[in-house]
Amino acid sequence: MPHPNPSPEREGLCSVRGRLTPDAPLAPLVWFKSGGAAQWLFEPADADDLAAFLRDLDPGVPVMALGLGSNLIVRDGGVAGVVVRLGKPFATAAVVDATTLRCGGGASGILVSSTARDVGIAGCEFLRSIPGTVGGFVRMNGGAYGRETADVLVEAEVVLRSGERRTLARDELGYSYRHSTLPDGAIVIAATFRGVPGDAAAIQAEMDRIAAAREASQPLRSKTGGSTFKNPDGHKAWQLVDQAGCRGLTIGGAQVSEKHTNFLLNTGAATSADIEALGEEVRARVKAASGVELEWEIQRVGFHSPRPSGEGVGGGAGVSPRATSLRGSDPSPRPSPRGGEGA
């Protein structure tokens, strides 16, 4: 567990220019408005600040990125290690040329698509409908309305868990449906997107069409997490859920949406345990009814219950208690990428 009165100085990271907060509640930062705290929340001042922080961080400390929190269940026991949240310094979208944008990892889909519209770049309209950030799109190959990130991505700039900065071309990311091979602990700090020349009015009309379709079909004004399950080959997840009799099903304060059955809702006081249990119940009923095993699209992170006193941040995952400190015994650690975190 963190020191009773932790501080960046006590952790040996006083050179951090961004904000480093211990025991930071995550529920306010995610769409479900449920779940526990981050052991540490780091909001870097810029890419150099993030790279230096990860470079000096004890290599045993887990790291995960948090965008808008729209596709995430944070479990009630909280998240070990460091959660990195890219704020305003990374919420940028700049024109490179007549068909290309370079966007920060914290830029929203609305910012990217609107910037593209303003300069007559077509092909990015679908990003208007995805409630997330560029970092999440790149990692999960986010998509909607027949398009996905892999269709428009040229390259992504990332900071690896070691603190090394690297630019990865689209073909190096191993894209498939809602999946990439981006290394664990890597943070996407920027991405380059390429569309095609288009008319701004036509682009706006397509964005309006997408927005209207989404408003009509999805519970946008509820505490939700977006699409819960991936569409299995040859099926629509929402149809399988509906056919299994799960429309409106509840556990505690969690409910399957009546409007769109591939959305789970926090009706007011749901715990993350309620929401996840409801998702597992839906999976079981769909499996029994159709033989199809639904795969979660929503990411689920953290501990189901509070960590016992003295437990290391790995939560039994093989990380030693030493990792409760953000910095190891070496005064100037320079860890290399762990296995699988190279190019």
Side-chain angles (χ1 to χ4, degrees), residues 23-39 41 64-80 83 85 129-133 136 140 142 144 178 214-232 235-307 315:
D23 296 319
L26 293 179
L29 305 181
V30 300
W31 277 33
F32 273 124
K33 302 304 178 190
S34 67
Q39 190 169 14
L41 177 68
M64 65 162 276
L66 174 65
L68 295 184
S70 59
N71 192 240
L72 187 69
I73 294 174
V74 174
R75 290 171 174 145
D76 300 307
V79 178
V83 173
R85 187 168 185 250
S129 67
I130 307 176
T133 60
M140 294 300 297
R178 302 296 179 267
R214 187 165 171 257
E215 177 74 32
S217 64
Q218 298 177 13
L220 301 182
R221 310 193 190 289
S222 303
K223 298 174 185 176
T224 184
S227 295
T228 305
F229 304 110
K230 298 178 182 180
N231 289 322
H235 298 277
K236 294 290 188 181
W238 75 265
Q239 289 179 329
L240 294 171
V241 174
D242 204 16
Q243 290 165 3
C246 297
R247 184 180 293 267
L249 182 68
T250 63
I251 291 180
Q255 180 183 41
V256 176
S257 171
E258 298 267 7
K259 190 172 186 179
H260 192 312
T261 53
N262 198 27
F263 283 66
L264 302 182
L265 309 178
N266 176 354
T267 61
T271 64
S272 291
D274 291 339
I275 297 166
E276 188 169 4
L278 179 59
E280 290 297 339
E281 177 64 20
V282 168
R283 293 181 71 235
R285 293 192 183 196
V286 168
K287 177 71 171 177
S290 65
V292 177
E293 189 159 349
L294 291 177
E295 184 179 348
W296 284 91
E297 182 171 335
I298 287 178
Q299 303 299 295
R300 295 155 294 142
V301 300
F303 294 89
H304 289 287
S305 58
R307 298 184 299 275

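Nothing fancy with the numbering, it's 1 onward along the sequence.
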Is there side-chain contact between [X] and [Y], with heavy atoms separated by less than 4.5 Å?
X: Val74; Y: Val79; answer: yes
X: Pro232; Y: Leu240; answer: yes
X: His260; Y: Pro219; answer: yes
X: Leu26; Y: Leu66; answer: yes
X: Leu29; Y: Leu41; answer: yes
X: Met64; Y: Val301; answer: yes

Which residue pairs satisfy the ring-ring contact (aromatic ring centres under 6.0 Å, His included) criterion with at least one member in residues 268-291, sequence neighbours excluded?
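Qualifying pairs: none.
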What heavy-atom pair brings [X] and [Y] nearest, and what distance separates the two atoms?
X: Ile130; Y: Gly142; answer: CD1-C, 3.8 Å
X: Ala38; Y: Val83; answer: CB-CG2, 3.7 Å
X: Ile298; Y: Ser227; answer: CG1-O, 3.5 Å

Atom CZ of Phe303 and atom OG of Ser272: how far apart are they, to the nearest 0.5 Å?
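If I round to the nearest 0.5 Å, the distance is 14.5 Å.
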Atom pair OG (Ser257) and CD (Gln218), whose distance is rounded to the nearest 0.5 Å
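Spacing of OG (Ser257) from CD (Gln218) equals 9.5 Å.
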For Phe229, does its backbone N or O pair with a side-chain atom of Asn262 as donor and acceptor, under 3.5 Å?
yes
Determine yes or no for a side-chain-to-main-chain donor-acceptor pair under 3.5 angstrom, with Asn231 supplying the side chain and Ala237 the backbone.
yes
Lys33: side-chain contact (heavy atoms from CB on, under 4.5 Å) partners, not counting sequence neighbours
Lys223
State whether the number of non-hydrogen atoms from other residues, nucleotides or ligands found under 6.0 Å of Lys259 atom NZ is greater than 12.
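Atom NZ in Lys259 is crowded, with more than 12 foreign heavy atoms closer than 6.0 Å.
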Does the side chain of Ser34 come under 3.5 Å of the side chain of Thr271 through a donor N or O and an acceptor N or O?
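No, because no side-chain N or O of Ser34 sits under 3.5 Å from a partner of the opposite role on Thr271.
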Please identify each residue that fulfils salt bridge (Lys or Arg N to Asp or Glu O under 4.0 Å) with Glu297, with sequence neighbours left out.
Arg178
Salt bridge (Lys or Arg N to Asp or Glu O under 4.0 Å) against Lys230, all qualifying residues, sequence neighbours excluded
Glu295
Under the rule for side chain to side chain donor-acceptor pair (under 3.5 Å), what residues qualify as partners of [X], not counting sequence neighbours?
X: Gln239; result: none
X: Thr228; result: none
X: Ser129; result: none
X: Thr261; result: none

Just do the side-chain contact (heavy atoms from CB on, under 4.5 Å) check on Thr224 and Asn266 with the steps written out, would you?
CA-CA 6 Å; Thr224 184; Asn266 176 354; over 6 Å; no
Contacts of Phe32 meeting ring-ring contact (aromatic ring centres under 6.0 Å, His included) (sequence neighbours excluded), chain-then-number -> none
Compile the donor-acceptor pairs under 3.5 Å between side chains in residues 241-250 and protein atoms, sequence neighbours left out, one pair per line.
from: Asp242; atom 1: OD1; to: Arg247; atom 2: NE; distance (Å): 3.0
from: Asp242; atom 1: OD2; to: Arg247; atom 2: NH2; distance (Å): 2.9
from: Arg247; atom 1: NH1; to: Glu258; atom 2: O; distance (Å): 2.2

If you look only at pairs with a residue in residues 69-80, which of them pass as a salt bridge (charged side-chain N to carboxylate O under 4.0 Å, His left out), with sequence neighbours excluded?
Arg75-Glu276
If you look only at distance, which donor and acceptor atoms sit under 3.5 Å apart when one is on a side chain in residues 282-289 and the other is two or more places apart or in another chain?
from: Arg283; atom 1: NE; to: Leu294; atom 2: O; distance (Å): 2.7
from: Arg283; atom 1: NH1; to: Glu280; atom 2: OE1; distance (Å): 2.9
from: Arg283; atom 1: NH2; to: Glu293; atom 2: OE2; distance (Å): 3.4
from: Arg283; atom 1: NH2; to: Leu294; atom 2: O; distance (Å): 3.1
from: Arg285; atom 1: NE; to: Glu281; atom 2: OE2; distance (Å): 2.7
from: Arg285; atom 1: NH2; to: Glu281; atom 2: OE2; distance (Å): 3.4

